[in-house]
Amino acid sequence: MMVLTFLLGNTLVLLGGWWGATLGLRQPPGPPRLLASALLAWVWTTVGVQFLGTLGVLHVGGLLAWAASGALLGRASGLGRPAIEAPPPADAEAIGREGWFAVGLALWAALVLGTSSLLMPVKVVSDGPIYHLYFAARWWKEGRLFLVASPFGESAATYFPANGDLWFAWLMTTWGGDRLARVGQAPFLLMACVAAFGCARELGAGRTAALVATSLFATAGPLLLFTFEANVDTIFVAGYLTAAFYFLRYGLGRDDWPALLLGGLAAGEALGTKSVGNLFVPPLVLVGCWAVARRTRRIPPTLKGSAVIVAGVAATSMFWYARNAILTGNPLYPLTVKVASRTWLSGWYGSEAMRESIYFIPVSNWRALVDTLVGVLDARSVPLWLAAVLGVWALGRRRDRGDGWVWTFALGALLNVSLYWLFIPYRTQQRFMLQGLGLAVVPLARLLDRGRWLRVAATLILALHLTTPQSWPFGPRDADIPWDLTPQIPNAVGAILPLASDLARLAAARSSQDVLAAFDVPALALVAGLLVWTISRLWRGLRGRATWGAGLTAIALLAAVGWSQVAPFARDPRLLAFPAFPDFYRGWMELDARSGPSGSRVAYAGTNIPYYLLGAGLRNDVRYVNVEGPRGWLMHDFHRRAVAEGRGEWPNSRPGWDRERPDYDAWLANLRAEGVQLLVTTRVNPGEGAHNVADPEGFPIERGWADTHPESFEPLYGAREGDPWFRLYRIRTGGESKREM
């Protein structure tokens with residue numbers, strides 16, 4: 001039933017986007033129409049979850065009604081307008097084999113990473129289990145939007161812009177679980193690629209060159225790896241590049257106000273997805289306004305066009321900033337904004353405090369910058385990207401009308417890297433500047449157009465990038481790599497597609513289980529090849545049994561690969577809910593076993609990955625419960641109290657105002673008021689706030705309270721089993737005798 005609900009809801013939204021793009025905004029076929037359809041559907045889901053979640057009716061019925069209204073609105077947008085005249089037929093430029101091969105390589109990598117993320121447990125390595133998936137699950141389960149505390153991880157995440165989390169909540173609500181949310185960024189990788197490809201094509205790059213350049217972008221290590229985790233970086237990149245595409249179309253005179261509106265909506269989606277958008281999106285919006293001024297050359301139309309852009313940005317981003325301003329008086333909360341030693345917006349901390357983070361690298365460490373860029377691009381493709389950005393594509397050829405825009409994209413790539421390195425203290429996080437790599441696709445595609453040998457060489461580099469370690473042909477350690485400049489940034493990165501090792505395992509296989517264990521990567525290469533062959537034939541208009549047979553074979557083989565991955569866990573589905581994370585794995589399994597078939601209400605302390613406490617099927621209700629003050633207070637309430645006491649800022653980015661004055665009686669009262677049944681405490685990471693550590697074993701104060709009050713807390717797991725990381729208790733109701741479960 002939920003599958004039908006998911007298909008119905010999302011089909012209606014996509015239909016609304018398609019009709020709005022074709023009938024309302026009159027977008028031509030190709031990237032303009034595809035991106036406009038996807039963008040309008042994305043905007044409708046964003047605004048819908050905001051609206052319905054604020055009203056407290058975030059449930060399947062509400063979302064289906066919202067999706068249906070979007071479809072009706074899209075269909076009505078073309079009423080009373082003449083039909084779009086079909087463009088005259090034109091000879092489609094042939095796509096070279098290297099172009100299809102590059103697309104096949106990128107698709108192969110996406111299938112390998114995507115099937116694993118879709119079917120296997122959510123990995124611990126991303127922000128997904130810290131807050132993205134956790135927030136979305138809380139909203140879905142309670143049917144409303146609200147601020148969710150995350151005091152032991154990224155405590156500022158409560159106040160971050162969260163358009164990406166809204167998308168995950170949409171997927172969870174319409175699907176009835178988190179399965180698709182785990183790979184919820186995958187459509188946005190495709191969207192980002194279409195936008196980058198479209199920009200290159202608008203500026204004269206050939207199809208083959210644009211496909212190869214886009215495939216190199218799509219398979220950049222951080223972008224590809226994080227796309228298939230429940231992060232939101234790819235969502236941000238998709239919004240950013242889509243905005244750039246429509247601003248470009250307006251600047252070239254190929255569209256009018258619809259391009260400005262679409263560009264503004266896309267820029268707003270990016271700004272509403274990540275807080276770092278406040279640094280990267282304003283320059284992009286200024287370029288859009290500059291394009292208006294450059295084209296109109298008069299003040300009134302420039303102001304009108306700029307107003308359209310700003311209105312689009314506000315429509316898709318202001319929800320979060322307005323919420324923060326209403327709650328705290330600071331739209332950028334919890335960041336403190338100072339100019340010329342004067343505080344303009346008051347928050348928890350400024351950039352000085354962020355320098356205490358483990359993610360900080362001094363701006364003067366140019367060696368780390370070089371290592372970071374080489375790690376993102378792969379040293380073997382660096383010469384191509386560098387030559388493209390430096391303008392080798394323009395040497396020895398006549399200047400074209402669009403060359404100025406190509407230079408603008410190259411400068412935009414350099415600007416994004418510069419902004420990232422100069423103004424974001426967390427310089428180990430190279431994912432913050434991946435949109436700059438998307439902009440660099442334009443000059444790279446123009447460079448690859450200089451000769452087929454360049455396109456073939458780039459495709460071979462892409463194959464090496466995916467199937468061999470980035471240190472190849474040198475040794476596997478950083479010390480073996482001649483270009484490694486600092487140990488802070490690892491350059492010894494393994495192969496994204498471990499084809500060689502899987503083939504060796506297949507050759508040495510002695511049982512069917514051995515074959516299944518090494519089956520995935522080679523089989524998915526065949527799936528990607530069949531799919532690309534099918535697409536290439538459809539592109540040339542070659543339909544028939546061979547075409548459809550190849551497509552159906554690819555789908556069947558993909559299903560077989562999926563089955564081979566989950567089959568070993570068929571005896572215990574819980575093994576597909578919890579990753580093999582040694583610190584907490586036994587504790588998670590114990591909690592799941594004691595939560596009951598319909599789940600329990602769980603409070604936690606210590607862990608910064610509360611998502612896994614939701615249990616198999618996300619059936620538990622999980623929350624942090626305050627150890628002092630009113631149970632409904634969040635960090636901004638405690639901060640307000642601190643300000644009233646003359647203490648405005650915390651010395652680092654992990655404030656502890658909410659845990660400064662622990663009160664056992666207040667905490668127990670809050671637990672009972674919340675109806676909590678089970679309590680989980682784990683060891684704390686001191687890097688997330690030393691104030692959270694309350695005993696020599698590294699546990700928070702809740703563990704000590706539970707151990708010393710057996711009249712209220714019944715130990716279920718941890719101490720007796722000698723688990724150094726995890727404690728589980730059942731909260732006794734009033735007057736209940738002590739007994740073991």
Side-chain angles (χ1 to χ4, degrees), residues 91-112 193-194 196-201 203-221 223-224 374 376-397 400 406 409-410 413 437-438 440-474 495-497 499-500 503 521-522 524-537 539-540:
D91 294 332
E93 175 193 337
I95 297 175
R97 291 179 181 176
E98 63 272 21
W100 290 119
F101 189 62
V103 171
L105 287 169
L107 180 59
W108 179 23
L111 287 171
V112 170
C193 289
V194 172
F197 173 85
C199 289
R201 291 287 293 147
L203 290 171
R207 281 194 173 92
T208 303
L211 283 175
V212 175
T214 301
S215 298
L216 281 166
F217 159 65
T219 55
L223 178 63
L224 188 62
V374 171
V376 170
L377 300 174
D378 190 328
R380 296 163 295 190
S381 70
V382 164
L384 282 174
W385 290 104
L386 188 61
V389 171
L390 293 180
V392 174
W393 53 271
L395 296 178
R397 53 176 291 278
D400 290 337
V406 181
F409 274 78
L437 190 60
V441 165
V442 172
L444 178 60
R446 291 290 293 269
L447 175 66
L448 298 181
D449 257 338
R450 298 297 299 266
R452 191 181 180 207
W453 70 272
L454 280 170
R455 297 189 290 276
V456 172
T459 305
L460 292 176
I461 289 172
L462 172 60
L464 287 174
H465 164 65
L466 290 175
T467 59
T468 64
Q470 288 193 192
S471 58
W472 187 88
F474 299 95
I496 295 173
L497 299 174
L499 179 62
L503 289 176
V521 175
L524 289 174
L526 180 57
V527 171
L530 289 170
L531 287 175
V532 169
W533 189 79
T534 302
I535 295 169
S536 68
R537 285 178 62 86
W539 170 262
R540 291 177 289 165

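Reckoned from all heavy atoms, side chains included, excluding hydrogens, waters and symmetry mates.
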Subject >> Straight-line distance of L216 CG to L437 CG, nearest 0.5 Å >> reply: 9.0 Å
Subject >> Partner residues of R380 under the salt bridge (Lys or Arg N to Asp or Glu O under 4.0 Å) criterion, sequence neighbours left out >> reply: D378
**OP:** Examine distances only and state if a side-chain atom of D449 and a backbone atom of G206 form a donor-acceptor pair shorter than 3.5 Å.
**Re:** yes
Subject >> Atom pair CG (L464) and CH2 (W472), whose distance is rounded to the nearest 0.5 Å >> reply: 5.5 Å
**OP:** Work out which heavy atom in A210 is nearest to a heavy atom in A445; give both atom names and the distance.
**Re:** CA-CB, 3.9 Å
Original post:
With E98, which residues qualify under side chain to side chain donor-acceptor pair (under 3.5 Å), at least two apart?
Top reply: R452, R455
Original post:
In terms of heavy-atom contacts, does CZ of R397 have more than 12 from other residues, nucleotides or ligands at under 6.0 Å?
Top reply: yes
Original post:
For R201, what residues pass the salt bridge (Lys or Arg N to Asp or Glu O under 4.0 Å) criterion, not counting sequence neighbours?
Top reply: E93
Original post:
Distance from S215 atom OG to L466 atom CG, nearest 0.5 Å?
Top reply: 9.5 Å
Original post:
Any sub-3.5 Å donor-acceptor pair from R207's side-chain atoms to G99's backbone N or O?
Top reply: no
Original post:
Between W108 (side chain) and V527 (backbone), is there a donor-acceptor pair under 3.5 Å?
Top reply: no
Subject >> Taking every non-hydrogen atom, the tightest pair across A379 and P383 >> reply: O-CD, 3.5 Å
Original post:
Would you say S536's side chain and W533's backbone share a donor-acceptor pair under 3.5 angstrom?
Top reply: yes
**OP:** Hey, could you give me the CG/CG distance between L499 and L524, rounded to the nearest 0.5 Å?
**Re:** 11.0 Å
Original post:
Which atoms form the tightest heavy-atom contact between G104 and A528, and what is the distance?
Top reply: O-CB, 3.7 Å
Subject >> Inter-residue atom distance T534.OG1 - W539.CH2, 0.5 Å rounding >> reply: 16.0 Å
Subject >> Student check: side-chain heavy atoms of W100 and I535 closer than 4.5 Å >> reply: yes
Original post:
Hey, does the side chain of H465 reach the backbone of S381 with a donor-acceptor pair shorter than 3.5 angstrom?
Top reply: no
Original post:
Does some side-chain heavy atom of L203 sit less than 4.5 Å from a side-chain heavy atom of D400?
Top reply: no
Original post:
Quick one: CH2 on W385 to CG on L447, what's the gap to the nearest 0.5 Å?
Top reply: 10.5 Å
Original post:
Taking all non-hydrogen atoms of both residues, which atom of V406 and which atom of R446 are closest, and how far apart?
Top reply: CG2-NH1, 3.2 Å
Original post:
Taking C-beta and beyond as the side chain, do V532 and L107 meet within less than 4.5 Å on heavy atoms?
Top reply: yes
Original post:
Looking at I496 and G221, what are the two nearest heavy atoms and their distance?
Top reply: CD1-CA, 4.2 Å
Original post:
For A458 and V212, which heavy atoms make the closest approach, and how far apart are they?
Top reply: CB-CG1, 3.7 Å
Subject >> Non-hydrogen side-chain atoms of T219 and L105 separated by less than 4.5 Å >> reply: no
